[in-house]
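Below is one structure, written out as structure tokens; the observations come after it.
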Amino acid sequence: MPQHWLFKTDPDSFAFDDLWRAKKRTSGWDGVRNHQARNFLRDSVRVGDLVLVYHSSSDPVGVAGVARIASAPRPDPTQFDRKDDHHDPKSSRAAPTWVEVDVQALAQCPHFVTLAELRAEPRLAGLLVLRPGQRLSIQPVEAADFAVVLELAGLRPSDLGS
DNA sequence: GCCAACGTTGGC
DNA sequence: GCCAACGTTGGC
């Protein structure tokens, strides 16, 4: 059984649409610079897991699409790139601090699910992203909650089939 | 732009 | 190890 996740992104730098238009609809999910989020990527995420792609700091805020994990974790190249915003001078190629995984877009949400709509759905009371102060950019999602979000988005599980 | 909630840094 | 200062996140 796949696990389910919510990945946050600022669409000004990388939107779901950018992933949708990428070659093979696949891109490395780089730039994660929080240890707890990194641990999820490194230790818990598996190929085939399903991901809600969430747009933060935007108008509107909410779930834009669904993707799948498409690779094992590997060192995030941006940590070694001095010109990158995510450059980390304390990391080394011998012992990389940060990892990325490939994600592949599976479906755009026919209906973009706003944060207000998530909050208004009683069945999603346990969704982590709705908790005050929850800033983690990689969050686990319960299978039942994932199914509810799909429903709000106008997607069926079969829409995610490859 | 504001500001609450967190995480990190650094002096001690 | 404590904790104040500071920086970042992210909704509004």
Side-chain angles (χ1 to χ4, degrees), chain A residues 3-22 27-45 49-69 73-103 105 107-142 144-155:
Chain A
Q3 305 172 99
H4 302 83
W5 305 92
L6 181 146
F7 284 15
K8 289 184 194 172
T9 182
D10 178 350
D12 289 340
S13 43
F14 187 79
F16 183 80
D17 208 43
D18 297 320
L19 182 62
W20 189 255
R21 289 195 305 248
S27 174
W29 197 273
D30 61 23
V32 171
R33 292 295 181 272
N34 169 280
H35 286 88
Q36 198 178 345
R38 185 279 314 274
N39 292 349
F40 279 132
L41 285 186
R42 187 190 60 192
D43 305 331
S44 304
V45 163
D49 284 358
L50 297 171
V51 178
L52 301 171
V53 177
Y54 177 93
H55 286 177
S56 63
S57 306
S58 63
D59 188 14
V61 169
V63 178
V66 180
R68 68 184 280 275
I69 303 297
R74 59 171 179 263
D76 176 347
T78 64
Q79 71 196 300
F80 308 124
D81 182 352
R82 277 166 212 221
K83 286 170 290 189
D84 195 283
D85 286 345
H86 295 106
H87 176 239
D88 182 354
K90 290 183 290 189
S91 185
S92 69
R93 290 182 186 276
T97 306
W98 308 109
V99 301
E100 66 171 4
V101 296
D102 279 342
V103 296
Q108 290 181 294
C109 292
H111 173 76
F112 182 99
V113 186
T114 66
L115 179 57
E117 288 167 343
L118 294 173
R119 287 197 198 285
E121 171 50 65
R123 290 176 291 170
L124 294 176
L127 196 67
L128 284 180
V129 76
L130 302 182
R131 274 188 30 190
Q134 182 50 263
R135 300 187 312 180
L136 260 191
S137 59
I138 305 287
Q139 303 181 1
V141 172
E142 296 295 329
D145 290 346
F146 184 88
V148 171
V149 176
L150 276 195
E151 181 190 316
L152 294 179
L155 286 167

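Each chain gets a letter, A, B and so on, in the order its sequence line appears, and its residues count up from 1. Basis for what follows: all heavy atoms, side chains included, without hydrogens, waters or symmetry-related copies.
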Review point. When you measure from the side chain of A:Thr97 to the backbone N and O of A:Ser91, does any donor-acceptor pair fall under 3.5 Å?
Key: no
From NE2 of A:His86 across to P of C:dT8 the rounded distance in Å is 11 Å
A:Asp18 and A:Ser13 have their tightest heavy-atom pair at OD2-O, 4.4 Å
Among the nucleotides C:dC12, B:dT8, B:dT9, whichever has the atom closest to the side chain of A:Leu115 is C:dC12
Here the residues of residues 131-142 of chain A within 4.0 Å heavy-atom distance, strictly under, of DNA chain B are A:Pro132, A:Gly133, A:Arg135
Distance col, row A:Glu121:CD vs A:Leu127:CG, nearest 0.5 angstrom, shows 10.5 Å
- Message: Can you see whether A:Gln108 engages A:Asp17 through a side-chain donor-acceptor pair at a distance of less than 3.5 angstrom?
- Response: yes
Separation of C:dG11 atom C1' from A:Asp59 atom CG, nearest Å, is 11 Å
Looking only at C:dG11, C:dG10, B:dT9, the nucleotide nearest the A:Tyr54 side chain is C:dG11
query = Hey, is the side chain of A:Lys8 poking within less than 4.0 Å of OP1 or OP2 on C:dT9, counting only N and O atoms?
reply = no
Validation row: A:Leu41, A:Trp5 side chains within 4.5 angstrom (heavy atoms) = no
- Message: Measuring to OP1 and OP2 of B:dT8, would you say a side-chain N or O of A:His35 lies under 4.0 angstrom away?
- Response: yes
With distance as the sole criterion, is a donor-acceptor pair present between the side chains of A:Ser56 and A:Arg135 under 3.5 Å? no
Out of C:dG11, B:dT8, B:dT9, minimum distance to the side chain of A:Lys90 belongs to B:dT9
Whole-Å distance, A:Asp12 CG to C:dG11 C1', equals 15 Å
Atom CG of A:Leu127 and atom P of C:dG11 are separated, to the nearest Å, by 13 Å
